[in-house]
Amino acid sequence: MGNCLQTSTSDDINLLRDSESSNTRDTSPEQLDPPPPYQEAVRPTVPVYHTAPNVTRPATQLTEEEQVRIAQRIGLIQHLPTGIYDGSKKNRECVICMYEFQYGDTVRFLPCMHTYHTHCIDDWLMRSFTCPSCMEPVDAALLTTYETN
Amino acid sequence: MTEAQSALLLRKQLAELKKNPSEGFSAGLIDDNDIYKWEVLIIGPPDTLYEGGFFKAHLYFPREYPLRPPKLKFISDIWHPNIEKNGDVCISILHEPGDDKYGYEKASERWLPIHTVETIMISVISMLADPNDESPANVDSAKEWREDYNGEFKRKVQMSVRKSQEEAWD
């Protein structure tokens with residue numbers, strides 16, 4: 001007794017049965033509880049994060065410290081300007097997916113002025129906060145742009 | 001990056017390499033139905049001990065490519081300080097950022113999502129020409145490279161070159 005997790009009604013029925021026929025308790029198969037419902041189905045709805053580039057963890061298994069760090073990172077990424085590709089000739093290709101930008105693509109501008117598709121660069125920035133083209137740490141670059149403005 | 005995107009990116013590179021083959025290596029798929037497993041034939045760089053060799057290696061891409069790096073394994077026997085005896089290649093650009101158990105690699109030397117089969121092979125060819133003995137994957141080979149370059153090291157490399165030539169003509 002004293003197990004707080006035993007709240008299902010089937011347990012109560014078992015308790016009743018136990019008192020009625022305690023001598024057959026271990027041998028009667030119909031007293032076995034049904035297996036717990038399959039849990040896998042809920043998994044895809046839990047977002048997955050990378051606490052280190054090679055570590056993939058569902059949001060439900062993050063430590064408080066990791067949650068704070070990930071929240072900060074998401075906040076920083078969302079502060080980076082985005083735009084709609086306007087046909088500018090300076091940036092023609094997203095070097096992550098190797099496709100040319102098309103009019104209307106959502107792009108993100110890093111402080112070093114390198115431009116990528118938002119969905120291509122955001123996934124990378126969650127793993128490593130550096131520009132893939134010039135390897136400049138994005139947080140350091142953000143600080144300098146704030147200071148010079 | 002979804003699975004479809006990584007497959008698209010790899011197919012694009014394969015088509016590009018077929019159209020404009022690179023100097024120093026040729027690339028194709030191990031199995032035409034699996035875009036994630038590549039076979040490359042690396043030509044031993046000129047003016048190195050590996051000159052004249054044709055080394056076969058396999059590249060295994062994860063579904064998260066290009067956010068995560070592929071693994072590279074030499075199938076041909078090759079004696080080199082940065083290649084394990086089982087063929088696994090240990091170079092920093094194939095290590096994920098933050099994945100630095102030894103603490104000596106700069107983030108800039110590690111994996112970036114702009115690396116392609118071509119840039120990876122360029123790094124590998126430059127590694128063949130210029131081993132990094134600070135982080136040997138094959139300690140015996142690194143020791144010979146440092147202490148007995150013209151003796152035992154040269155002999156073992158030449159043996160792997162000859163063997164790779166014989167296998168290439170099979």
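By convention in this document, chain letters (A, B, ...) are assigned in the order of the sequence lines, proteins followed by strands, and residues within each chain are numbered from 1. Side chains are part of it too, since the values below use all heavy atoms of this structure and drop only hydrogens, waters and symmetry mates.
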Student: Would you compute the distance between atom CE of A:M135 and atom CZ of B:R110 and round it to the nearest 0.5 angstrom?
Tutor: 12.5 Å
Student: Assigning hydrophobic clusters by single linkage (Ile, Leu, Val, Met, Phe, Trp, Tyr; side-chain heavy-atom cutoff under 4.5 Å), is A:V107 placed with A:V95?
Tutor: no
Student: Within this structure, what is the CD-OG1 distance for the pair B:E64 and A:T56, rounded to the nearest 0.5 Å?
Tutor: 6.0 Å
Student: Crowded around A:E93 CD? As in, over 12 foreign heavy atoms under 6.0 Å?
Tutor: yes
Student: Flag yes if B:I75 and B:I78 sit in one hydrophobic cluster, no otherwise; membership is Ile, Leu, Val, Met, Phe, Trp, Tyr, and two members link when side-chain heavy atoms are under 4.5 Å apart.
Tutor: no
Student: Hey, are the side chains of A:H119 and B:Q5 touching, using non-hydrogen atoms and a 4.5 Å cut-off?
Tutor: yes
Student: Quick one: which residues of residues 10-28 of chain B reach chain A at under 4.5 angstrom, heavy atoms only?
Tutor: B:K12, B:Q13
Student: Is there a path of hydrophobic side-chain contacts, each under 4.5 Å between heavy atoms of I/L/V/M/F/W/Y residues, joining A:I74 to A:L80?
Tutor: yes
Student: Heavy-atom count check: over 12 atoms from other residues, nucleotides or ligands less than 6.0 Å from B:K73 NZ?
Tutor: yes
Student: Determine whether more than 12 heavy atoms belonging to other residues, nucleotides or ligands lie under 6.0 Å from atom CD of A:E65.
Tutor: no
Student: Just verifying a value: how many Å separate B:I114 CD1 and A:C97 SG, rounded to the nearest 0.5 Å?
Tutor: 13.0 Å
Student: Just wondering, do A:M98 and B:T116 contact through their side chains at under 4.5 Å, heavy atoms?
Tutor: yes
Student: Hydrophobic clustering (ILVMFWY, side-chain heavy atoms < 4.5 Å, transitive) - are B:M121 and B:L29 grouped together?
Tutor: yes
Student: Is B:F55 linked to B:I30 within one hydrophobic cluster, defined over Ile, Leu, Val, Met, Phe, Trp and Tyr using a side-chain heavy-atom separation of less than 4.5 Å?
Tutor: no
Student: Drop me the distance from B:H115's NE2 to A:I96's CD1, to the nearest 0.5 angstrom.
Tutor: 12.5 Å
Student: Tell me which of these, A:S133, A:C134, A:P132, has more heavy-atom pairs under 4.5 Å with chain B than the rest.
Tutor: A:P132
Student: When you look at A:Y99 and B:L9, which way does the side-chain contact (heavy atoms from CB on, under 4.5 Å) test go after all the steps?
Tutor: CA-CA 9 Å; A:Y99 277 90; B:L9 180 53; 5.9 Å; no
Student: For a quick test of reading the model, state the closest non-hydrogen atom pair linking B:W111 to A:W124 and the distance between them.
Tutor: O-CH2, 3.4 Å
Student: Return the CZ to CG distance between A:R127 and B:L67, rounded to the nearest 0.5 Å.
Tutor: 4.5 Å
